[in-house]
*Asks:* 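Pasting a structure here, questions to come.
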Amino acid sequence: GDQVEQSPSALSLHEGTSSALRCNFTTTTRSVQWFRQNSRGSLINLFYLASGTKENGRLKSAFDSKELYSTLHIRDAQLEDSGTYFCAAGDYGGSGNKLIFGTGTLLSVKP
Amino acid sequence: EAAVTQSPRSKVAVTGGKVTLSCHQTNNHDYMYWYRQDTGHGLRLIHYSYVADSTEKGDIPDGYKASRPSQENFSLILELASLSQTAVYFCASGQGAETLYFGSGTRLTVL
């Protein structure tokens with residue numbers, strides 16, 4: 001089936017540095033959500049976007065439905081940002097009201 | 001704060017046995033979902049529902065049944081559990097493909 005590809009699969013950052021995660025879609029998607037899964041396994045929703053950009057503290061996300069990608073920027077990374085980040089596409093390829101998840105990016109923030 | 005409660009938190013089942021995972025939401029959301037996550041992988045959709053007494057197949061429905069007796073409750077049923085169904089199962093609720101809220105997960109081990 002259609003895939004949601006995330007890159008990189010793993011990322012190591014030092015505290016205070018910044019980086020970006022990317023989610024590529026192979027077909028049209030109406031919306032994108034970003035989640036962080038912490039060490040306990042809990043999934044925390046970070047952003048929902050139907051278009052444009054959103055910002056929350058040190059996190060900023062963008063969604064380009066025409067170019068079929070979304071990004072999540074992490075600024076001034078902190079230890080608590082460590083975890084696995086997932087993007088999920090809504091109405092992926094016209095599939096309706098379900099989310100298709102990407103494969104995740106494992107982020108490790110080190111002192 | 002949105003609330004999705006899963007039970008049990010963990011379960012050990014025997015091959016061929018019946019397993020029922022339960023999910024309860026207090027968000028007044030129409031949509032509920034069951035996902036499974038295998039170690040080191042993303043989430044894959046098993047079943048979902050957008051109204052009581054109706055369920056829809058997701059991407060990997062084989063070996064699973066679902067039941068939505070009310071807006072608040074959504075169960076996942078494994079009639080004949082198999083080794084390959086060892087995984088962490090997540091329930092979620094939402095309004096269409098908009099912001100999704102996840103439960104804490106159920107860790108199922110089939111022996």
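Just so you know, these numbers use all the heavy atoms, side chains as well, and skip hydrogens, waters and symmetry mates. Below, chains carry the letters A, B, ... as their sequence lines are ordered, and counting in each starts from 1.
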*Asks:* So Arg44(B) and Ile100(A), do their side chains get closer than 4.5 Å, heavy atoms only?
*Replies:*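 Not in contact.
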*Asks:* Taking all non-hydrogen atoms of both residues, which atom of Leu99(A) and which atom of Tyr35(B) are closest, and how far apart?
*Replies:* O-OH, 2.8 Å
*Asks:* Please determine which of Ile44(A), Leu43(A), Asn45(A) meets the side-chain contact (heavy atoms from CB on, under 4.5 Å) test together with Tyr101(B).
*Replies:* Asn45(A)
*Asks:* If I take atom CZ from residue Phe35(A) and atom OG1 from residue Thr99(B), how far apart are they, to the nearest 0.5 angstrom?
*Replies:* 7.5 Å
*Asks:* Shorter than 4.5 Å, heavy atoms on both sides: which option in Glu56(B), Arg107(B), Gln37(B) has the most such pairs with chain A?
*Replies:* Gln37(B)
*Asks:* Same hydrophobic cluster for Tyr64(B) and Tyr33(B), using side-chain heavy-atom links shorter than 4.5 Å among ILVMFWY?
*Replies:*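 No; tracing contacts between hydrophobic side chains, which count when under 4.5 Å, never links both residues.
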*Asks:* Taking the side chain as everything from C-beta on, heavy atoms only, tell me whether Lys98(A) gets closer than 4.5 Å to Tyr50(B).
*Replies:*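 Answer no - side chains too far apart.
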*Asks:* Is it true that Leu21(B) and Tyr48(B) fall in one hydrophobic cluster, defined by side-chain heavy atoms closer than 4.5 Å?
*Replies:*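 No, it is not one cluster - the side chains of Leu21(B) and Tyr48(B) are not joined through contacts under 4.5 Å.
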*Asks:* Same cluster or not: are Leu79(A) and Ile74(A) linked, directly or through other Ile, Leu, Val, Met, Phe, Trp or Tyr residues, by side-chain heavy atoms under 4.5 angstrom apart?
*Replies:* yes
*Asks:* Could you look at Leu45(B) and say if it's the side chain, the backbone, both or neither that has a heavy atom under 4.5 Å from chain A?
*Replies:* side chain
*Asks:* Same cluster or not: Leu46(A) versus Val4(A), using hydrophobic residues (I, L, V, M, F, W, Y) connected whenever any side-chain heavy atoms lie under 4.5 Å apart?
*Replies:*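 Linked within one cluster.
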*Asks:* Go through the atoms of Gln6(A) and report whether side chain, backbone, both or neither lie under 4.5 Å from a heavy atom of chain B.
*Replies:* neither
*Asks:* Membership question, hydrophobic clusters at under 4.5 Å side-chain separation (ILVMFWY): are Trp34(A) and Leu106(A) in the same one?
*Replies:*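 Shared cluster, no.
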*Asks:* Rounded to the nearest 0.5 Å, what separates atom OH in Tyr48(A) from atom CG in Leu100(B)?
*Replies:* 11.0 Å
*Asks:* Check whether Phe47(A) gets within reach of chain B through its side chain, its backbone, both or neither, counting any heavy atom under 4.5 Å.
*Replies:* neither
*Asks:* Within the structure provided, determine whether Phe102(B) and Gln37(A) are in side-chain contact (heavy-atom separation under 4.5 Å).
*Replies:* no
